[in-house]
Structures are given as C-alpha cells and as structure tokens.
Amino acid sequence: MIVAANFKTNHTRESTANYLEALNLFLDAYSTFCDVRVYPTASSFLKADLYSHIKLGAQNFYPIINGACTGEIGAQQLSEFGVKNVLIGHSERRAALKETQEFIAKKYAFAKENGWDIIYCIGEPKDVRDNGFENVMEYLWGEFDGIDINYEKLSIAYEPIWAIGTGISAEVKDIAKVLDTLKSRLNNIPLLYGGSVNIENLSSIISLKSCNGALIGNASLDVANFCKLIQIAQNVQKQ
Ligand code: PGA
C-alpha cells in the first residue's frame, strides 16, 4: 500500500524539515507495511537517507543529467539528495506547464533509464467525465502513449482532474470502475487514487480491490493529518 504526500508548491525548507522529522519519528514508533512517500518542493530537498521510513520524491525534473536548461532540475541534482522517486504526468504540469504527452513520455523514458520509482499520473477533465465512462477510459488510455507499462518500478495514480484540490472526490463506485478496468489491462501495476482524499474518504477508497494506495495533496500538508491517513491505510483489511 502506497501512501504518498504531494506538497505541490507548499511548505518551506524549514517546515519540510520539521515535517519529515516528525513523520519519521512517528513511523519509527508506528510500524506500518505502508510504503510512505513524500514529494516536497525541489528547494526543500533534504538528504533522503536522513529519513529511514520515508521515500523522498521529486514532483518534477527535466530529462537531462545536467546542462543548459534554465530553471530546471536534472538527475545530477536529484542524486545529490538521494532522490530516486518521481512523479510524472501530474495534471497540473500537463495543464499549467503545458507538458505534452510526447514530452511526458521522454521524461518517463529518462526516469526508467535512471531506475527511479515512478508514480505516473493520469486523469480526465470534467467535460470528458460528463461524456460517460467509455470516454473517460479512452482519454485515460491515451495518456499511456509512449509509456512502457512493463517497467517494474511503475505505479499509476488515477486522479480525475476535477477532483484535484476541489474537496470533491470522485464517487467510490466510479473510482472502482476505472481502477478495475485499468487493472484488467495493467495486471500487477499498483494503482493509486488521488483527488481530494481525506481522513473521511480514504478508508472506503483504499478498501477497493483494485486500489493499492493514495496520492494526497491538501490533506497531506499537515503532518498530524498525514499520520492519521497512514493509520487509516494500515487499518484497512484487504480481502
Ligand atoms: P488533492 O491533490 O489531494 O489536494 O486533491 C492530489 C494531487 O494533486 O495529487
């Protein structure tokens, strides 16, 4: 079970350090089978090996080792911190940062070459959702163009765009339908749900048979709340 915190553009270097220390202390005392990942801002990276129970990840990177790419961060900078986990394809980067499927596939291939763990994000906009389930799946499958689904360090986060940061999660039955359909073609790839996950809805979402975790934004920003989310995930008994 993966429980992942996506900080987006939140927290400072100081508050990230406090957060990670508190979370690691909590996990020291609370033994969990959950795979706990935190994706802070790049300016808040700390050495990943300081936190034995947490996998530190990057929300973004540019697919180069180093070189001429103003404002970006490459593999050399990530490796300085021991960061080996990345998010790729988040809808905020697809939309606001205009990352195309072609560029996303290039980032994916680069991450694979580097042997990084990838959470690959997919999700449909509201107008596609309004056109029904078949359209949703067609849209989602399109987001696999150029993506090698046989990569063994791949997890997929299904995050309906209209549910992200809105406080309105998708309905559990709709999440189930999408995840079951993805699972039928993607075999053993861990599937996460993301989009307004919180302490009220997490349990029912991760109890779904095709759900292997959650990618959490807003509700992860407070460390005590994130610890509660980990406890909820831990308590869910899979059939
Ligand atoms: P949210 O964000 O939990 O704030 O909806 C999730 C995400 O974008 O990964």
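Every number for a ligand or one of its atoms is a count from 1 in the order of the listing. What's counted below: heavy atoms across the whole structure, side chains too, no hydrogens, waters or symmetry copies. Computed from a predicted model, the values in this text were never measured in an experiment.
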For Gln101, run the side chain to side chain donor-acceptor pair (under 3.5 Å) check against Glu143, Lys106, Arg94 and tell me which one passes. Arg94
Please find the pair of heavy atoms, one from Ser204 and one from Val172, that lie closest to each other, and give the distance. OG-CG2, 3.6 Å
Taking the hydrophobic residues Ile, Leu, Val, Met, Phe, Trp and Tyr, and joining any pair whose side-chain heavy atoms are under 4.5 Å apart, which ones share a cluster with Leu215?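 Under the 4.5 Å side-chain rule, Leu215 groups with Ile2, Tyr39, Leu87, Ile119, Leu192.
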Measure centre to centre between the rings of Phe103 and Tyr62, then say whether the value is under 6.0 Å. yes
State plainly whether the residues Asp117 and Lys84 are in salt-bridge range, i.e. N to O under 4.0 Å. no
Between Lys107 and Glu99, is there a side-chain N and carboxylate O pair less than 4.0 Å apart?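 Salt bridge flag = yes for Glu99 with Lys107.
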So which protein residues pack against ligand 1 under 4.0 Å, heavy atoms counted? Asn6, Lys8, His90, Glu159, Ala163, Ile164, Gly165, Gly195, Ser196, Leu215, Ile216, Gly217, Asn218
